[in-house]
Amino acid sequence: MFFRQLFDPESSTYTYLIADDATHEAVIIDPVIEQVERDLKLVREHRLRLKHTLETHVHADHITAAHALKKSTGAGTAVSADCNAQGYDRLLTDGDVILFGHEEITVISTPGHTPGSISYLWRDRVFTGDTLLIGGCGRTDFQNGSAEALWISITEKLFLLDEQTLVFPGHDYKGRRLSSIGEEKRFNARIAGKSRDEFIGIMSNLGLPMPKRIHEAVPANLDAGSAQAATFSEHMSMTETTVQSVSATQLSEALAKGIVNILDCRTPGEFATLKIAGSINVPLDRLNPAEVMSRLGADTPLYCICQTGTRSQLAASKLRNAGMQQVIHVDGGTNAWVSAGFPVESGTRKVISLDRQMRITAGALIVLGAAIGTLWHPAGYWLSALIGAGLVYAGISNTCGMTVVLAKMPWNQ
């Protein structure tokens, strides 16, 4: 059994990473955007394949890392259907079962803190989010919360579980890590020995200040943190994981020793024109690390190649960040392979390389802008300037929007 309880000190949020020992498929509950690098590092170190990110509710005190983890690993995102949230892959209801490897988690609908609050039951433990805390419970005075609904969720659902069931909450502000259903039934200050009306009275008079990030966090979490994931991706691109590289000659030597997995991340058009025998084609813009790991395994050596080595480096970094342990990119790409005189399979289709397409397109647009500026209107010079600025940015960031667009053109498919 693989289980980790993780903590974000800024929001006092607990995140839970659980994995099946046999298949290494994993789920993560309530991930926090500021802790993505920590979580991905754990996934890589333990060679896990993250299958699901699970939210206990739409949080008001932190922004979820659901979308960021999806972009990095291909993991599906899930939240309660009663949250009325957009951008999640799966909307959960009471009794749903989440499968990963040979393990399963059961969804328990526990509204009250918010209408869409849910708990997750796995083996001998329940992850209660803000519904049931150690010695307390989540507030009900915002996001359409209901003290009466929370009372029912705790006393008529969670408290019906075996008293030995371990309670792992979404937060704790006193350093406590876990409790049990039996302990909470007997000692929870807001519930134990209280009637429904007494509980509602307590919840109506808490007088707590609003969470500091509520106006930022709630809108972001309704969309699975997608906007923040874009910022995270930019950060990750500037701090890319170091990936091993080899020359075309070293790849040839590896091929001579036996079967080698080669992933060609060029466009289908480029691949159809020329390829290394035995390679598979997965274009960079369609690369899904989870699918690749499912097909090959996290420990299988994989060589990434493209035309020149730029796209393969990005593909290898993406796969490495997702948990593949032995990803190698080929310096110089197929250009270096052909120049060294190594054999290729040539097709009848002829498509010029994406790098040449980008240079031709950029050059043509710069000439067009200059011509418009000279012959018709000075605004044309702005087109040339913008293309030039885009090329400078592409050189600095190692990414090119024009290449992404060209890769989707019909002749490259």
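Computed from a prediction, not measured in an experiment: that's the story for all the values here.
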Would [X] and [Y] pass as an ion pair if we require N to O under 4.0 Å?
X: R49; Y: E25; value: no
X: R196; Y: E156; value: no
X: E270; Y: R311; value: yes
X: K174; Y: D172; value: no

**Asked** Should D89 and T77 be marked as a side-chain hydrogen bond (donor to acceptor under 3.5 Å, both in side chains) after you check the CA-CA gap, both sets of side-chain angles, and the distance that decides it?
**Response** CA-CA 5 Å; D89 299 312; T77 58; 3.2 Å; yes
Got a second to check how far [X]'s [atom1] is from [Y]'s [atom2], nearest 0.5 Å?
X: S11; Y: I33; atom1: OG; atom2: CD1; answer: 12.0 Å
X: R190; Y: L132; atom1: CZ; atom2: CG; answer: 11.0 Å
X: L161; Y: I181; atom1: CG; atom2: CD1; answer: 5.0 Å
X: S279; Y: I305; atom1: OG; atom2: CD1; answer: 8.0 Å

Answer yes or no: is there a side-chain heavy-atom contact under 4.5 Å between [X] and [Y]?
X: M324; Y: L302; result: yes
X: I18; Y: F2; result: no
X: I28; Y: T15; result: yes
X: L50; Y: L69; result: yes
X: F7; Y: T13; result: no
X: I98; Y: R90; result: yes
X: K212; Y: I214; result: no
X: R295; Y: V292; result: no

Between [X] and [Y], do the side chains contain an N or O donor and an N or O acceptor separated by less than 3.5 Å?
X: D30; Y: T56; result: yes
X: S312; Y: H329; result: yes
X: D162; Y: T165; result: no
X: H171; Y: D130; result: yes
X: T300; Y: Q326; result: no
X: Y14; Y: Q5; result: no
X: E184; Y: S179; result: yes
X: Q35; Y: D8; result: yes
X: E291; Y: S294; result: no
X: T110; Y: S153; result: no
X: T128; Y: T131; result: no
X: S180; Y: E183; result: yes

[atom1]/[X]: more than 12 non-hydrogen atoms of other groups inside 6.0 Å:
X: D21; atom1: CG; value: yes
X: Q250; atom1: CD; value: yes
X: Q164; atom1: CD; value: no
X: R177; atom1: CZ; value: no
X: E216; atom1: CD; value: yes

Which heavy-atom pair separates [X] from [Y] by the least distance, and what is that distance?
X: S80; Y: I118; answer: CB-CG2, 3.8 Å
X: A19; Y: A26; answer: CB-CB, 3.8 Å
X: A68; Y: V36; answer: CB-CG2, 4.2 Å
X: P268; Y: N281; answer: CA-OD1, 3.4 Å

**Item:** Residues forming a side chain to side chain donor-acceptor pair (under 3.5 Å) with R123, sequence neighbours excluded
**Value:**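 Side chain to side chain donor-acceptor pair (under 3.5 Å) check on R123 returns E103.
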**Request:** Test K41 against every option in R38, R44, E37 by the side chain to side chain contact (heavy atoms under 4.5 Å, CB included) rule and name the one that passes.
**Result:**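 Exactly one candidate clears the test, R44.
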**Prompt:** Should the pair R125 and F3 be classed as cation-pi, given the thresholds of under 6.0 Å to the six-membered ring centre and 45° from the axis?
**Reply:**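 Yes, R125 sits over the ring of F3.
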**Asked** Stepwise, does the side-chain hydrogen bond (donor to acceptor under 3.5 Å, both in side chains) test hold for Q307 with N335?
**Response** CA-CA 6 Å; Q307 188 80 20; N335 283 351; 2.8 Å; yes
**Asked** Parallel, tilted or perpendicular for Y16 and F127, by the 30°/60° rule?
**Response**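 Rings of Y16 and F127: tilted, as their planes differ by 30° to 60°.
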**Message:** salt bridge (charged side-chain N to carboxylate O under 4.0 Å, His left out), that's the test. Do E34 and R213 meet it? Break it down for me.
**Reply:** CA-CA 14 Å; E34 287 83 5; R213 300 183 67 185; 3.3 Å; yes
**Prompt:** Do the ring centers of H24 and H46 come within less than 6.0 Å of each other?
**Reply:**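 Ring-ring flag for H24/H46: false, centres at least 6.0 Å apart.
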